[in-house]
Amino acid sequence: MSNQNYAISTNAAKHSHHLPVVVVMVPLPAQGHLNQLLHLSRLLTAFNIPVHFVGTATHNRQAQLRSGGESSGHLIQFHDFDIPIFPSPSPNPNATHKFPSHLIPSFTAAAVHLCRPLAAFLRSLSLKAKRLVVIHDSLMSSAVQVVDTIFNVESYNFHSVSAFAVTLHSLERKGTVICGGGDHETSTFYEEYFSKELNVHSFERCFPTEFLEFVRSQFRQLPKRTVGKIYNTCRVIESSALKNGEKSSSRHSCLSWLDRQESRSVMYVSFGTTTTMEEKQIKEIAIGLARSHQNFIWVLRDADKGDIFEDDNVKKSKLPEGYKDLIGDRGLVIRDWAPQVEILSHRATGGFMTHCGWNSCMESMTMGVPVAAWPMHSDQPWNTVLMTVVLRVGVVVKEWVRGEEVVAASTVEEATRRLIVSEEGVEIRRNAERLGESVRRSVEDGGVSRQELKAFVAHITR
């Protein structure tokens, strides 16, 4: 294991200068899986990154005992979490399927029962880190659901099998014929690997039904804030499989751009699906964002029509000449749909310039992102008051009473800098993060929103 390589399918984020970047490893409790994440832990500690290796006392002991005698070093800390006693039957040499089914109870127990203590641990640790990087085995997704509720977490999905196997499984799930052919993406993968028919058995035949059910349940619970995949492999060995996996990803390209930005450094600008602006106002926004010298993502698109699939007469607003050169890599202009929840939940997003539609308000509050409020119509002026005056999680860009007045570039610049880099912005962001934490906890088991939902369900099913 000493010469293993790890291929990572997204760019690493920059390091903080004042709080540490901390890594938490969440392995599946099987020897091959424990060993791989322990080895990756050692590789990371060589860069003076502290690593926390979490699991049950039994499996942490197993990982250390069988680690080949190498010193883990002071930067790797093992954390033993108590879970209920799980069955530990002996292997069955007479089983018709050679898969170690006797281990499945331990897999299930860890995936289910580590969830609660791990959530408390991650929340506590996040307060002491600039960024909390959670690297979890792909088969331990249910244990790390809390990462979607912690603002400074970056989650990575670790595959302990080959990228080749992952790719074949993905293609099989899509219904692609294993012997080759299919779309360009698929055929390129086959052409580079083989010039003849593949003799590959289906995923269903390689595993017992009980384990397949466990795998599917974990894949369904992959955290939404997963920013990348890590494979225990090397591009020299599996270049095509890794490329195929990257091309197959449904992740929006703007999220990869966000991965490269500092924490809380990006202003997200979007005025919803019902707002249409004059060209002169768009020009002022463009200039103001450029002059702010802050990173930004700007969703610049026309309002929806009654039939969004009619593509005739779709307006595409013009940006100032040479604008791309002016902003360089500091800004990203998106002309179509953007994954707003994923953008707001990304640790790089530090502010949201918004029309204050209620969906956008709820999403920004849930994710702990402060707003620069620019109400347009309907309930938006009232929502602006709630966000900026009552809850104190935002600033105002344009007062509703200013009507059709064009907002100057200087105002856009000031609001952006005020929210992202000023002392006032720091305090507003703290308010937003505290509110977001409260909102997210309310929907967990025992939380007030969860309790109200349960009460409603009990009422209608009485």
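Note that the coordinates shown come from a computational prediction; the quantities given were computed from them, not determined experimentally.
- Taking the side chain as every heavy atom from C-beta outward, D82 and P117 never approach each other to under 4.5 Å.
- Taking the side chain as every heavy atom from C-beta outward, L391 and L435 approach each other to under 4.5 Å.
- Proximity of a side-chain donor or acceptor of S270 to a complementary backbone N or O of V299 within less than 3.5 Å is not detected.
- In terms of modelled atom types and a separation under 3.5 Å, the side chain of Q380 and the main chain of H377 share a donor-acceptor contact.
- In terms of modelled atom types and a separation under 3.5 Å, the side chain of T226 and the main chain of N157 share no donor-acceptor contact.
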ask   = Does the pair S292 and T416 meet the rule for a side-chain hydrogen bond (donor to acceptor under 3.5 Å, both in side chains), with working shown?
value = CA-CA 7 Å; S292 75; T416 301; 4.7 Å; no
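- In this structure, R347 and V266 have side chains that are not in contact, with every pair of non-hydrogen atoms separated by 4.5 Å or more.
- The CE atom of M376 lies 8.5 Å from the OG1 atom of T354; values are rounded to the nearest 0.5 Å.
- Between the side chain of N431 and the main chain of R392, a donor-acceptor pair closer than 3.5 Å is present.
- Side-chain contact check for L300 versus I282: some heavy-atom pair is nearer than 4.5 Å.
- No side-chain heavy atom of K224 sits less than 4.5 Å from a side-chain heavy atom of V147.
- Between V134 and V26 the shortest side-chain heavy-atom distance falls below 4.5 Å.
- Taking the six-membered ring for Trp and the full ring otherwise, H113 and F107 have centroids separated by 6.0 Å or more.
- Counting all heavy atoms, side chain and backbone alike, G331 lies closest to I327 at O-CD1, 3.8 Å.
- The CG atom of D137 lies 5.0 Å from the CG atom of L28; values are rounded to the nearest 0.5 Å.
- A salt bridge between R434 and E427 is present, with a side-chain N of the basic residue lying under 4.0 Å from a carboxylate O of the acidic one.
- Between L40 atom CG and I135 atom CD1 the span is 5.0 Å, to the nearest 0.5 Å.
- Sorted by first and then second residue, the salt bridge (charged side-chain N to carboxylate O under 4.0 Å, His left out) pairs with a member in residues 411-423 read R418-E424; sequence neighbours excluded.
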inquiry  = Please determine whether side-chain contact (heavy atoms from CB on, under 4.5 Å) holds for the pair Y323 and L289, giving the CA-CA distance in whole Å, both sets of side-chain angles, and the decisive distance to 0.1 Å.
reply    = CA-CA 11 Å; Y323 191 66; L289 290 172; 4.0 Å; yes
task = Please test Q218 against S138 for side-chain hydrogen bond (donor to acceptor under 3.5 Å, both in side chains), starting from the C-alpha separation and ending with a verdict.
result = CA-CA 7 Å; Q218 296 306 309; S138 60; over 6 Å; no
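- The structure places CZ of F219 at 6.0 Å from CG of L139, a figure rounded to the nearest 0.5 Å.
- Using modelled atom types, no side-chain atom of S422 and backbone atom of L419 make a donor-acceptor pair closer than 3.5 Å.
- Applying the salt bridge (charged side-chain N to carboxylate O under 4.0 Å, His left out) test to every pair with at least one member in residues 333-344, sequence neighbours left out, gives no pairs at all.
- Classification of the F352-Y268 ring pair by plane angle, with boundaries at 30° and 60°, yields parallel.
- Rounding to the nearest 0.5 Å gives a distance of 10.0 Å between NE2 of H355 and OG1 of T384.
- Note on ring orientation: taking the six-membered ring where Trp is involved, the planes of H79 and F81 are parallel (angle under 30°, cut-offs 30° and 60°).
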Full working for salt bridge (charged side-chain N to carboxylate O under 4.0 Å, His left out) between E433 and R264 = CA-CA 11 Å; E433 288 170 355; R264 299 296 181 246; 3.5 Å; yes
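- When atom types are taken as modelled, the side chain of N383 and the backbone of C356 share a donor-acceptor pair closer than 3.5 angstrom.
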ask   = For E154 and Y156, what are the C-alpha separation, side-chain angles and deciding distance, and is it a side-chain hydrogen bond (donor to acceptor under 3.5 Å, both in side chains)?
value = CA-CA 7 Å; E154 217 170 68; Y156 292 83; 2.8 Å; yes
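- Closest approach of P223 and H136 over heavy atoms only: CD-NE2, 3.9 Å.
- The neighbour count for W358 CH2, taken as heavy atoms of other residues, nucleotides or ligands under 6.0 Å away, is above 12.
- A donor-acceptor pair under 3.5 Å links the side-chain atoms of S41 to the main chain of L37, judged by distance alone.
- Proximity of a side-chain donor or acceptor of H159 to a complementary backbone N or O of V161 within less than 3.5 Å is not detected.
- Of all the heavy atoms in P320 and K283, the pair that sits closest is CG-CG, 4.2 Å.
- With 3.5 Å as the limit, one finds a donor-acceptor pair spanning the side chains of S360 and Q340.
- Two residues are said to be in side-chain contact when any heavy atoms from C-beta on lie closer than 4.5 Å; R131 and V133 meet this criterion.
- By the 4.5 Å heavy-atom criterion applied to side chains, F296 and I420 are not counted as neighbours.
- In the model, T56 has a side-chain atom that pairs as donor or acceptor with a side-chain atom of H59 under 3.5 Å.
- Among M353, K398, E284, the single residue meeting the side chain to side chain contact (heavy atoms under 4.5 Å, CB included) criterion with V412 is M353.
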Pair up each side-chain donor or acceptor in residues 118-126 with any protein partner under 3.5 Å, not counting sequence neighbours, and list the distances.
from : atom 1 : to   : atom 2 : distance (Å)
R123 : NE     : E437 : OE2    : 3.2
R123 : NH2    : E444 : OE1    : 3.0
R123 : NH2    : E444 : OE2    : 2.3
S126 : OG     : R123 : O      : 2.8

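- Of all the heavy atoms in E363 and L344, the pair that sits closest is CB-CD1, 3.8 Å.
- Expressed to the nearest 0.5 Å, how far NE2 of H52 lies from CG of L75 amounts to 9.5 Å.
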